[in-house]
Student: 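Below is one structure. I have some questions about it.
The first residue of the sequence shown is numbered 1, and numbering continues consecutively from there.
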Amino acid sequence: MSGAREGLDVALAEARAGLAEGGVPIGAALLGPAGEVLGRGHNRRVQDGDPSAHAETAAFRAAGRQRSYADTTMVTTLSPCWYCSGLVRQFGIGRVVIGEARTFHGGHDWLTEHGVQVQVLDDAECARIMHEFVAARPELWFEDIGRAR
């Protein structure tokens, strides 16, 4: 997949920015057909008090309106939740690159079943950031994934 590593670097920078703001360290980037960054963003649920402010939705919104999403790639540091997986399906995003799925196994199998190209990179840095965050802020993590702890 074109631009996967570069896109993940952008998504990781976004995840770090979210963590520095006191939020959940998940970042994303929506890439165009040539690997260009159309939009980028990070989870802002805590910062904005908005439960729908996920990284993938932030990157999607930042990209602005596109005529078609079939040739775009959503790169995210963590397997997308069902909400963000639904966004990928709703708008026909053709590819998803995932930094890691150890911490959270979202809807990426479902996306694959529905024809979306999915690549899980199993990136050590993505896993480290999430592991440290979950250990330090379990209450915030479980709130983020919709599970009372």
Side-chain angles (χ1 to χ4, degrees), residues 3-32 35-111 114 116 118-121 123-149:
R5 183 68 240 177
E6 296 83 3
L8 187 60
D9 289 342
V10 171
L12 269 166
E14 289 291 330
R16 289 183 188 106
L19 183 62
E21 295 169 358
V24 180
I26 302 170
L30 185 65
L31 307 181
E36 71 276 21
V37 176
L38 300 174
R40 58 191 290 163
H42 54 273
N43 184 304
R44 295 193 50 87
R45 293 181 73 250
V46 173
Q47 299 91 312
D48 295 348
D50 177 354
S52 70
H54 291 211
E56 297 87 347
T57 57
F60 179 76
R61 289 173 181 150
R65 190 170 149 205
Q66 305 292 312
R67 185 168 182 82
S68 170
Y69 296 90
D71 292 329
T72 64
T73 301
M74 180 65 75
V75 182
T76 180
T77 57
L78 186 65
S79 179
C81 69
W82 288 106
Y83 173 70
C84 294
S85 294
L87 178 136
V88 168
R89 287 274 293 134
Q90 174 68 33
F91 291 96
I93 294 171
R95 289 172 295 288
V96 175
V97 174
I98 299 165
E100 69 105 347
R102 296 182 217 170
T103 306
F104 180 76
H105 192 104
H108 69 266
D109 291 334
W110 177 76
L111 289 172
H114 286 59
V116 177
V118 174
Q119 180 181 10
V120 180
L121 299 177
D123 181 81
E125 180 64 6
C126 290
R128 183 193 66 75
I129 289 170
M130 287 307 302
H131 176 77
E132 289 177 2
F133 175 76
V134 172
R137 301 291 310 272
E139 75 293 343
L140 188 53
W141 169 244
F142 286 104
E143 173 192 329
D144 192 67
I145 60 172
R147 296 186 187 145
R149 185 159 182 209

Student: Can you give me the closest heavy-atom contact between S79 and G106, atom names plus distance?
Tutor: OG-N, 2.8 Å
Student: Tell me if a side-chain donor or acceptor on T57 pairs with a main-chain N or O of S52 at a distance below 3.5 Å.
Tutor: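 Answer holds: yes.
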Student: Over 60° means perpendicular and under 30° means parallel, so classify the ring planes of F91 and Y69, tilted if in between.
Tutor: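 Taking F91 first and then Y69, their aromatic rings stand perpendicular (interplane angle over 60°).
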Student: What pair of heavy atoms forms the shortest contact from G99 to C126, and how long is it?
Tutor: CA-SG, 3.8 Å
Student: To the nearest 0.5 angstrom, please state how far the CD atom of E100 sits from the CZ atom of R128.
Tutor: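 Between atom CD of E100 and atom CZ of R128 there are 11.5 Å.
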Student: Please assess E36 against L31 for the test side chain to side chain contact (heavy atoms under 4.5 Å, CB included), listing each intermediate value before the final yes or no.
Tutor: CA-CA 5 Å; E36 71 276 21; L31 307 181; over 6 Å; no
Student: Do you know which two heavy atoms are closest between R40 and A13, and how far apart they sit?
Tutor: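 Heavy atoms only, the tightest pair is NH2-CB, 3.9 Å.
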Student: Using only atom types and a distance under 3.5 Å, with no angle test, would you say the side chain of E21 pairs donor to acceptor with the backbone of G23?
Tutor: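 Checked: no pair found.
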Student: So does E139 pair up with R137, basic N to acidic O under 4.0 Å?
Tutor: yes
Student: Can you find a pair of side-chain heavy atoms, one from H54 and one from I26, that are under 4.5 Å apart?
Tutor: no
Student: Verify, without hydrogens or angle tests, whether R95 (side chain) and D71 (backbone) share a donor-acceptor contact under 3.5 angstrom.
Tutor: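 Side chain of R95 to backbone of D71, a donor-acceptor pair under 3.5 Å: yes, one is there.
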Student: Evaluate V97 against L8 for side chain to side chain contact (heavy atoms under 4.5 Å, CB included), listing each step before the verdict.
Tutor: CA-CA 8 Å; V97 174; L8 187 60; 5.6 Å; no
Student: One pair to check against side chain to side chain contact (heavy atoms under 4.5 Å, CB included): M130 and W141. What are the steps and the verdict?
Tutor: CA-CA 9 Å; M130 287 307 302; W141 169 244; 3.3 Å; yes
Student: Could you give the distance from CG (D144) to CZ (F104), rounded to the nearest 0.5 Å?
Tutor: 8.5 Å
Student: Hey, does L87 have a side-chain heavy atom less than 4.5 Å from the side chain of P80?
Tutor: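 SC-SC contact between P80 and L87 ruled out.
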Student: What's the spacing between I98 CD1 and D123 CG if we round to 0.5 Å?
Tutor: 12.5 Å
Student: Taking A127's backbone N and O only, do any of them form a donor-acceptor pair with H131's side chain (distance below 3.5 Å, no angle check)?
Tutor: no
Student: I need the minimum non-hydrogen distance between V10 and A29, along with the two atoms involved.
Tutor: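 Heavy-atom minimum between the residues: CG1-CB, 3.9 Å.
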Student: Minimum heavy-atom separation for L19 to P25, with atom names?
Tutor: CB-CB, 3.8 Å
Student: Using a 3.5 Å distance criterion without hydrogens, assess whether the side chain of T77 forms a donor-acceptor pair with backbone atoms of G27.
Tutor: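 Flag set: sc T77 to bb G27 pair under 3.5 Å.
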Student: I'd like to check H108 versus V96 (side-chain heavy atoms, cut-off strictly below 4.5 Å). Are they in contact?
Tutor: no
Student: Please report the shortest heavy-atom distance between H42 and A15, naming the atom on each side.
Tutor: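 The answer is CB-N, 4.4 Å.
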Student: Treating R45 as the side-chain partner and P51 as the backbone partner, does any N or O pair qualify as donor plus acceptor under 3.5 Å?
Tutor: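 Confirmed, R45 side chain pairs with P51 backbone.
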Student: Given L12 and E125, is the side chain to side chain contact (heavy atoms under 4.5 Å, CB included) satisfied, shown in steps?
Tutor: CA-CA 8 Å; L12 269 166; E125 180 64 6; 4.0 Å; yes
Student: Roughly how far, to the nearest 0.5 Å, is the OG1 atom of T73 from the CD1 atom of I93?
Tutor: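 I93 CD1 to T73 OG1: 9.0 Å, rounded to 0.5 Å.
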Student: So how far is it from I129 CD1 to L78 CG, rounded to the nearest 0.5 Å?
Tutor: 11.0 Å
Student: To the closest 0.5 Å, what do you measure between CZ (F60) and CD (Q90)?
Tutor: 8.5 Å
Student: Can you find a pair of side-chain heavy atoms, one from W110 and one from R89, that are under 4.5 Å apart?
Tutor: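 Yes, at least one pair of side-chain atoms sits under 4.5 Å.
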